[in-house]
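These notes are about the structure you will find just below.
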Amino acid sequence: MDSFPKNALGMVRKMTEKGAEMPEKAIAFQGAPGANSHLAALDYAADGLPVPCFSFEDAIDAVKQGTAGCAIIPIENSLHGRVADIHFLLPESGLHIVDEYFMPIAHCLMAKSADAEIRTAMSHPQALGQCRHYLRKRGIIPVAYADTAAAAAFVAQSDDPHAAAIAPRLAAQIYSLQPLEDAIEDSPDNITRFVILAPEATMPEADGPLMTTFVFEVKNIPAALYKAMGSFATNGVNMTKLESYQQGSSFAATEFYTDIEGAPGDPAVDRALEELGFHCNSVRILGTYRQARPRTVAG
């Protein structure tokens with residue numbers, strides 16, 4: 001907790017204490033109060049109790065330790081791609097994806113003074129990436145920080161008159177900064193996908209489209225990935241996401257993070273997963289949940 005800027009600590013403590021009173025309603029998120037993940041937690045569950053955590057690992061640990069009933073974690077953005085480290089953390093967490101949530105993201109440039117001459121802008125790397133054209137055009141130097149709202153808190157207590165933060169407009173209100181410009185993201189179609197992590201897996205009723213997320217490691221032989229993908233093509237299962245990442249230092253074992261439409265129990269999905277297993281060293285399901293994605297951003 002003490003890793004947060006000092007001017008955020010009071011609110012962090014209050015939100016943490018409130019969540020501890022009803023942990024089943026507590027929703028852990030990464031960031032300081034006012035971060036996009038804070039807004040996502042409020043939007044996702046109106047009766048939830050958002051609990052700030054300094055890192056993604058801290059948010060995951062809060063769920064594993066029972067101090068929060070679930071965590072809401074950003075996994076990818078329509079402008080800037082996947083959130084770093086998440087694909088490593090999810091399989092290792094032991095938690096399960098039980099839902100997905102999509103939220104439009106609007107960034108605000110804010111500083112201590114309304115007439116400040118801005119030279120640097122501090123924010124989370126994802127936010128900086130989503131505003132990179134705006135910053136480059138104005139010659140503003142991007143500075144990475146742990147999260148958007150914590151960057152706002154840091155700028156508010158800084159003595160640098162030329163420093164700004166990029167964060168949700170709510171953060172300007174919380175940390176007494178002056179909003180300089182709204183909607184500075186490089187495209188209005190700026191949407192972040194969040195996943196909800198919980199200790200126990202769920203199997204929602206099949207009264208609407210379902211999604212299943214899993215990771216697999218193909219055998220290190222020629223055409224293994226081609227044959228693995230054929231498992232879904234021949235069974236008519238739609239794969240909406242496939243991303244690779246390396247495990248270990250050998251660079252010989254590639255793991256893939258995958259989303260498909262459908263769920264175990266569907267004969268086509270069961271056949272596809274069974275055939276996939278023949279071409280893999282491992283297959284591990286991370287969760288099955290209701291499809292929430294807007295059709296305009298469906299993969």
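Classified by interplanar angle (parallel below 30°, tilted 30° to 60°, perpendicular above 60°), the ring pair Phe256/Phe216 is parallel. In this structure, His124 and Phe56 have perpendicular ring planes: the angle between them is above 60°, well past the 30° mark.
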CA sep, side-chain torsions, deciding dist, call: His96, Glu200, side chain to side chain donor-acceptor pair (under 3.5 Å): CA-CA 6 Å; His96 303 270; Glu200 302 295 333; 5.6 Å; no

Ile285/Leu273 under side chain to side chain contact (heavy atoms under 4.5 Å, CB included): CA gap, chis, key distance, verdict: CA-CA 10 Å; Ile285 293 177; Leu273 291 174; 4.1 Å; yes

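Listed for the Gln30 side chain is a donor-acceptor partner under 3.5 Å among the backbone atoms of Phe54. Using a distance-only test at 3.5 Å, with no hydrogens or angles considered, a donor-acceptor pair links the side chain of Asp147 to the main chain of Ala149.
In summary, the side chains of Ser244 and Tyr257 do not present any donor paired with an acceptor at a separation below 3.5 Å, with no hydrogens or angles considered. Donor-acceptor pairing under 3.5 Å is recorded for the side chains of Ser113 and Asp115. Under 3.5 Å, the side chains of Asp58 and Ser55 contain a donor-acceptor pair of N or O atoms. One side chain, Tyr134 or Glu181, offers a donor N or O that lies under 3.5 Å from an acceptor on the other. Side-chain N/O atoms of Gln291 and Glu100 include no donor and acceptor closer than 3.5 Å. Between the side chains of Ser123 and Thr148, no donor-acceptor pair is found at a separation under 3.5 Å.
Electrostatic pairing of Asp266 and Arg271 does not count as a salt bridge here, judged by no charged N lying under 4.0 Å from a carboxylate O. Between Arg193 and Glu76 there is a salt bridge, since a side-chain N of the basic residue sits under 4.0 Å from a carboxylate O of the acidic one. A salt bridge between Arg290 and Asp99 is absent, with no side-chain N of the basic residue lying under 4.0 Å from a carboxylate O of the acidic one.
Distance check, rounded to the nearest 0.5 Å: CD of Glu185 to CD1 of Ile105 gives 9.0 Å. The structure places NZ of Lys112 at 9.0 Å from CD of Gln157, a figure rounded to the nearest 0.5 Å. For the atom pair CD of Glu21 and CD of Glu17, the computed distance is 8.0 Å after rounding to the nearest 0.5 Å.
Nearest heavy atom pair, residue Ala163 against residue Ile118, reads O-CD1, 4.2 Å. Nearest heavy-atom pair across Pro50 and His38 is CB-CD2, 3.8 Å. The two residues Pro33 and Val12 have their closest heavy-atom pair at CD-CG2, 3.6 Å. Between Leu135 and Pro142, the closest heavy-atom pair is CD1-CB, 4.0 Å. The shortest heavy-atom contact between Ser231 and Thr234 is O-OG1, 3.5 Å.
Tyr245 and Leu286 fall within the same hydrophobic cluster, defined by Ile, Leu, Val, Met, Phe, Trp and Tyr side-chain heavy atoms under 4.5 Å apart, directly or through other members. Residue Phe29 is grouped with residue Val98 when hydrophobic side chains (ILVMFWY) are merged at heavy-atom distances under 4.5 angstrom, including chains of intermediate members. Under a hydrophobic-cluster definition in which Ile, Leu, Val, Met, Phe, Trp and Tyr are linked whenever side-chain heavy atoms come within less than 4.5 Å, directly or via other members, Leu170 and Leu109 are assigned to different clusters. The cluster map of Ile, Leu, Val, Met, Phe, Trp and Tyr, joined by side-chain heavy atoms under 4.5 Å apart, puts Val215 and Leu197 in the same cluster.
Under the 4.5 Å side-chain criterion, counting only non-hydrogen atoms from C-beta, Cys108 is not in contact with Ile184. At least one side-chain heavy atom of Asn77 sits under 4.5 Å from a side-chain heavy atom of Gln130. Side-chain contact check for Glu261 versus Met211: some heavy-atom pair is nearer than 4.5 Å.
Aromatic ring centres of Phe154 and Tyr145 lie closer together than 6.0 Å.
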